[in-house]
Structures are given as C-alpha cells and as structure tokens.
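Notes for the one structure printed next.
All chains are named by letter (A, B, ...) in the order of the sequence lines, taking the proteins before the strands, and each is independently numbered beginning at 1. Remember, predicted model here, so these are calculated numbers, not experimental data.
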Amino acid sequence: METYESIYAVVRRIPYGRVSSYGRVALLAGRPGAARLVGYALHALRPGAGDEVPWWRVVNHSGVITNGYEPALQQARLVAEGVAVDDVGRVDLRRYLWDGEEGPAAYFTGSACPSSSG
DNA sequence: TTCATGACTGGCT
DNA sequence: AAGCCAGCCATGA
C-alpha cells in the first residue's frame, strides 16, 4: 500500500535517540489527521520487518507509549537508544520529540535545559 | 457497500 | 490535571 510506504518513509526519517508522535508522522507523510492510520501501518509491520522501520521511536502526542503489541519492547528500545522513559512509559517530548528536522540540530532548538532538571 | 475496530488527536468541562 | 466525545483513514467480515 502506497499510503503505508509514505508512513514508513517518515518513520525511517526519525533519527537515532529521538521520538515522534503518530500525528506528526501522519502530517509529514501527507496524511494530517490520520494519526490512527500511522499506528495501523506500524501494526502491519509485524516482527518480520525487523529493524527496517524504527517503529519504537513513535509515541502518542503525550509522549506515552500506546503500543498495543509490545509496549515493554518499545520502552526497552527507547532506553537502549538513550531515551529516558517514565515508569508509565512516558517520554519527554520536550527533549526527544523529532520536529521533522533532518539534522540533530533540532535537539538544541528547544528551550529545555537538560542540566537543570535531568 | 455497510458496520465495527484500532499502536491517535484536539477541544470542552 | 483528568475524563469524555467526535473526526480522521484503512482494514476485515
């Protein structure tokens, strides 16, 4: 399905150690409002896809892991990349949210100050 | 084609 | 801050 490919293409653009929201991916994929479709596309990935698509770097708009397949796996994947995950599976989008930038510079575009709290 | 479901999101109370 | 409702698009029966 072309629609899915456009979604996977965006998910693959998510840099290492960064996360994005379903709505964000849907927007970048050219399907604004179809956040549900993103989750559906990732659901269609299945373990057979392997690491071809970094699905674990996708969380909801609140930074919470709403993964219904392997929520523990996604959390582990993120932590393995250096992404801080809360006990409830929540990620600090203010630090890791991928705004769609190509380079890692986006990490410094935020007003957050990691050395202040974390 | 129609009805129901889902790894979602924004606005109101 | 937390909970509820409607809209979005594609899949499956």
Side-chain angles (χ1 to χ4, degrees):
Chain A
M1 186 68 71
E2 241 178 38
T3 308
Y4 281 18
E5 288 190 2
S6 60
I7 292 170
Y8 298 144
V10 174
V11 177
R12 282 190 287 241
R13 287 159 59 91
I14 303 175
Y16 179 96
R18 206 67 49 79
V19 303
S20 187
S21 63
Y22 296 92
R24 189 72 59 176
V25 173
L27 181 68
L28 298 173
R31 296 288 173 271
R36 305 190 62 140
L37 187 57
V38 176
Y40 209 99
L42 299 181
H43 175 71
L45 280 170
R46 297 284 174 181
D51 296 347
E52 196 173 318
V53 180
W55 54 267
W56 56 88
R57 294 178 190 157
V58 184
V59 296
N60 72 353
H61 72 114
S62 189
V64 180
I65 296 174
T66 56
N67 188 327
Y69 186 69
E70 286 287 313
L73 179 60
Q74 179 168 7
Q75 179 172 336
R77 288 276 195 175
L78 292 172
V79 174
E81 294 193 351
V83 178
V85 183
D86 194 347
D87 290 346
V88 295
R90 188 160 60 192
V91 178
D92 190 350
L93 297 178
R94 301 189 301 182
R95 284 190 15 142
Y96 305 106
L97 177 60
W98 180 58
D99 196 7
E101 294 294 328
E102 292 285 349
Y107 182 79
F108 302 96
T109 55
S111 332
C113 192
S115 64
S116 182
S117 63

*List the protein contact pattern of nucleotides 6-13 of chain B with one symbol per nucleotide (5' to 3'): B for base contact, S for sugar-phosphate-only contact, - for none; contact means a heavy-atom distance under 4.0 Å.*
BBBSS---
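- By the side chain to side chain donor-acceptor pair (under 3.5 Å) test, A:Asn67 is found to be paired with A:Gln74, residues two or more places apart in sequence or in another chain being considered.
- Not counting sequence neighbours, the partners of A:Arg12 by the salt bridge (charged side-chain N to carboxylate O under 4.0 Å, His left out) test are A:Glu52.
- Here salt bridge (Lys or Arg N to Asp or Glu O under 4.0 Å) pairs that include residues 24-34 of chain A, with residues two or more places apart or in two chains, are A:Arg24-A:Asp99.
- Shown here are the side-chain contact (heavy atoms from CB on, under 4.5 Å) partners of A:Ala35, two or more places apart in sequence or in another chain: A:Tyr22.
- By the side-chain contact (heavy atoms from CB on, under 4.5 Å) test, A:Ala76 is found to be paired with no residue, residues two or more places apart in sequence or in another chain being considered.
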Only distances under 3.5 Å count here; give the side-chain donor-acceptor pairs of residues 78-86 of chain A to other protein atoms, sequence neighbours excluded, each with its distance to 0.1 Å.
residue, atom, partner, partner atom, Å
A:Glu81, OE1, A:Gly17, N, 3.2
A:Glu81, OE1, A:Arg57, NE, 3.1
A:Glu81, OE2, A:Trp56, NE1, 2.9
A:Glu81, OE2, A:Arg57, NE, 3.1
A:Glu81, OE2, A:Arg57, NH2, 2.9

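- Taking A:Arg13 as the reference, A:Glu102 meet the side chain to side chain donor-acceptor pair (under 3.5 Å) condition, with sequence neighbours excluded.
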*asked:* Could you spell out the base pairing of DNA chain C as a dot-bracket line? Use Watson-Crick and G-U wobble contacts where both distances are under 3.5 Å, [ ] for crossing pairs, | for partners on a different strand.
replied: .||||||.|||||
